[in-house]
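This chain uses plain numbering: 1 for the first residue, then up along the sequence.
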Amino acid sequence: MTTITMGTEREKVDDAAFRALTDPYRRELQLHCYRILGSHQDAEEMLQETLLAAWRGLDAYEERGSARAWLYRIATNRCLNALREARRRPAPPVPAHFPERTRRGAPLWLGPYPDALLEGIPETAPGPEARYETKEAVTLAFVTTLQRLPARQRAVLVLRDVLGFRAAEIAGMLDSSEASVNSALQRARATLEERRGAERTATRLPRSSAQRELVTRFADAVESGDVDAMVSLLTDDAVLTMPPMPVEYDGLAAIGDFLARSEEGRGAPLRVLPTRANDQPALVGYLGRGDDPAHLYGAMVLTVTDAGIAAITWFMETEPFRAAGLPEALPPYGKAVASDAAGGKLSPRG
């Protein structure tokens with residue numbers, strides 16, 4: 001029998017039985033932690049803490065309730081504890097070559113979530129109380145709004161409106177009352193609706209040949225370093241942000257200036273691997289010079305509407321894409337591979 005031992009006095013537990021209990025929920029638990037924390041790396045850390053706590057508390061569980069609800073209780077409280085204990089992080093410095101930002105706000109500690117990590121998670125929420133489907137509730141707009149909510153409201157909204165748990169179940173998870181849960185939910189919903197109402201009204205373009213063509217043209221412009229071509233594919237009111245840097249560039253002139261200075265600052269155009277993240281098209285950037293391999297550099301997640309690219313969210317964090325199986329480096333130009341912008345599958349490029 002395969003066993004694992006936790007601590008010096010812990011009796012042996014059947015590893016296969018524990019995995020059979022918890023493995024069906026690993027991916028959705030990681031996504032749950034990502035929604036609350038906004039970071040894939042932090043979510044993976046909380047997932048591991050959740051599984052360790054579940055293993056240590058297995059005797060108390062004794063199959064007296066839903067394994068899924070039990071694991072979500074542990075994961076949610078681990079995330080809330082992490083948010084309470086986290087020190088306020090200062091905004092990272094803005095590079096000197098960046099142009100003057102259009103707007104400055106509080107730093108938002110948000111990272112991307114590759115679509116490849118959504119595989120195996122049910123498309124629709126499991127409970128009748130849910131308002132959002134899995135992929136809708138992982139878009140950057142949704143997760144960004146979550147990060148602006150107080151931690152408890154954030155958790156309640158996700159548990160109720162995304163996962164479909166009943167108020168009584170959530171109260172039990174949070175050691176609270178139904179009245180308190182419903183009050184937090186009402187406030188969270190009001191904030192979410194207010195922010196959604198303030199968003200641009202253009203329709204997000206679904207996966208289609210039109211979306212693929214637009215993303216391919218943008219990728220070609222990035223690889224050639226053609227800033228004018230990049231800007232021509234943006235909407236007039238496009239916005240570029242770089243979480244967690246508190247910078248925002250609004251409009252074609254400001255974004256064009258930023259892209260031009262970035263090209264100059266890097267000293268070489270980016271190689272790109274089209275993929276998907278947060279249920280949106282994404283370009284993972286690789287930087288290399290001459291005959292040297294190009295190494296992971298960053299990623300642009302695109303909000304594509306029927307009028308063009310309405311938002312570029314540029315992330316310097318690349319760890320989630322490594323976790324999703326993207327290569328650490330691309331071979332010299334002309335021998336590279338790229339992914340299918342619609343489906344995320346690798347195919348020849350360059």
Side-chain angles (χ1 to χ4, degrees), residues 22 24-40 42-44 46-47 50 66-83 108-174 176 178 180-197 199 204 206 276-280 301 303 320:
T22 59
Y25 308 110
R26 289 176 66 100
R27 283 188 179 272
E28 61 178 281
L29 286 169
Q30 186 196 69
L31 178 58
H32 175 60
C33 294
Y34 168 75
R35 288 189 178 110
I36 294 178
L37 301 174
S39 161
H40 169 265
D42 291 347
E44 177 60 24
M46 287 303 104
L47 171 62
T50 296
S66 161
R68 183 172 180 274
W70 174 62
L71 290 168
Y72 269 102
R73 175 190 179 117
I74 297 172
T76 302
N77 282 287
R78 283 291 184 278
C79 289
L80 292 177
N81 288 341
L83 290 172
L108 181 67
W109 293 92
L110 176 69
Y113 199 87
D115 280 19
L117 302 180
L118 298 174
E119 294 177 5
I121 299 176
E123 288 291 327
T124 55
E129 306 294 339
R131 292 186 172 196
Y132 304 98
E133 293 188 354
T134 298
K135 288 189 175 180
E136 180 184 5
V138 78
T139 60
L140 284 180
F142 189 90
V143 179
T144 296
T145 300
L146 285 179
Q147 304 314 301
R148 301 298 190 191
L149 293 174
R152 190 176 182 82
Q153 291 183 29
R154 196 182 311 178
V156 168
L157 183 87
V158 172
L159 289 169
R160 175 75 163 183
D161 286 353
V162 177
L163 298 168
F165 287 107
R166 298 187 302 273
E169 293 177 295
I170 299 170
M173 292 178 182
L174 302 180
S176 184
E178 283 192 57
S180 177
V181 165
N182 286 327
S183 176
L185 180 64
Q186 185 177 14
R187 294 195 299 273
R189 284 175 175 172
T191 301
L192 188 66
E193 289 303 314
E194 179 182 355
R195 288 189 176 274
R196 291 180 71 183
E199 290 176 358
R204 204 162 62 103
R276 294 187 65 86
N278 297 86
D279 195 35
Q280 298 172 220
V301 179
T303 301

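For the pair Phe142/Leu192, a side-chain contact is recorded, criterion being any heavy-atom separation below 4.5 Å from C-beta on. Contact check for Leu163 versus Arg68: side-chain heavy atoms found under the 4.5 Å cut-off. Proximity of Leu29 to Ile74: side-chain heavy atoms (C-beta onward) are nowhere separated by under 4.5 Å. Using a 4.5 Å cut-off on side-chain heavy atoms (C-beta onward), Leu37 and Met46 make contact. Counting heavy atoms from C-beta on, the side chains of Cys79 and Arg154 never come closer than 4.5 Å.
Screening residues 137-147 for salt bridge (charged side-chain N to carboxylate O under 4.0 Å, His left out), with sequence neighbours left out, gives no hits.
In this structure, the side chain of Gln153 does not engage the main chain of Pro150 through any donor-acceptor pair within 3.5 Å. Although no hydrogens or angles enter the test, the distance criterion places no donor-acceptor pair under 3.5 Å between the side chain of Asp161 and the main chain of Leu157. At distances below 3.5 Å, not a single donor-acceptor pair connects side-chain atoms of Arg78 with backbone N or O atoms of Leu47. Side-chain atoms of Thr139 come within 3.5 Å of backbone atoms of Glu136 as a donor-acceptor pair (strictly under, hydrogens ignored). Listed for the Asp115 side chain is a donor-acceptor partner under 3.5 Å among the backbone atoms of Asn278.
Summarising the geometry, atom CD belonging to Gln186 is positioned 8.5 Å from atom CG belonging to Asn182; distances are rounded to the nearest 0.5 Å. The OG atom of Ser66 lies 7.5 Å from the CD atom of Glu169; values are rounded to the nearest 0.5 Å. Considering CZ of Arg73 and CD1 of Ile170, their distance stands at 12.5 Å, rounded to 0.5 Å. Leu140 CG to Leu110 CG: the interatomic distance, rounded to the nearest 0.5 Å, is 6.0 Å. Considering NZ of Lys135 and CG of Leu31, their distance stands at 11.5 Å, rounded to 0.5 Å. Distance OG1/Thr76 to CG/Leu159: 4.5 Å, rounded to 0.5 Å.
Across every non-hydrogen atom of Arg160 and Ala167, the tightest pair is NH1-N, 3.0 Å. Across every non-hydrogen atom of Pro112 and Val301, the tightest pair is CB-CG2, 4.4 Å. The shortest non-hydrogen separation linking Ala75 to Thr50 is CA-OG1, 3.2 Å. Of all non-hydrogen atoms in Arg35 and Gln147, the two that sit nearest each other are O-NE2, 2.8 Å. Shortest non-hydrogen contact noted between Leu117 and Arg27 is O-NH1, 3.2 Å. For the pair Ala43 and Gln30, the tightest heavy-atom approach, listed with the atom from each and the gap, is CB-O, 3.5 Å.
Donor-acceptor pairing under 3.5 Å is recorded for the side chains of Arg187 and Ser183. Between the side chains of Gln280 and Thr303, at least one donor N or O lies within less than 3.5 Å of an accepting N or O.
Note: Tyr34 and Tyr113 have tilted aromatic rings, judged against thresholds of 30 and 60 degrees for the angle between ring planes.
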| request: Could you go through the side-chain contact (heavy atoms from CB on, under 4.5 Å) check for Arg148 and Thr191 one step at a time? | output: CA-CA 9 Å; Arg148 301 298 190 191; Thr191 301; 5.9 Å; no

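Considering Val143, Leu146, Leu83 in turn, Leu83 is the only one that fulfils the side-chain contact (heavy atoms from CB on, under 4.5 Å) rule with Ile36.
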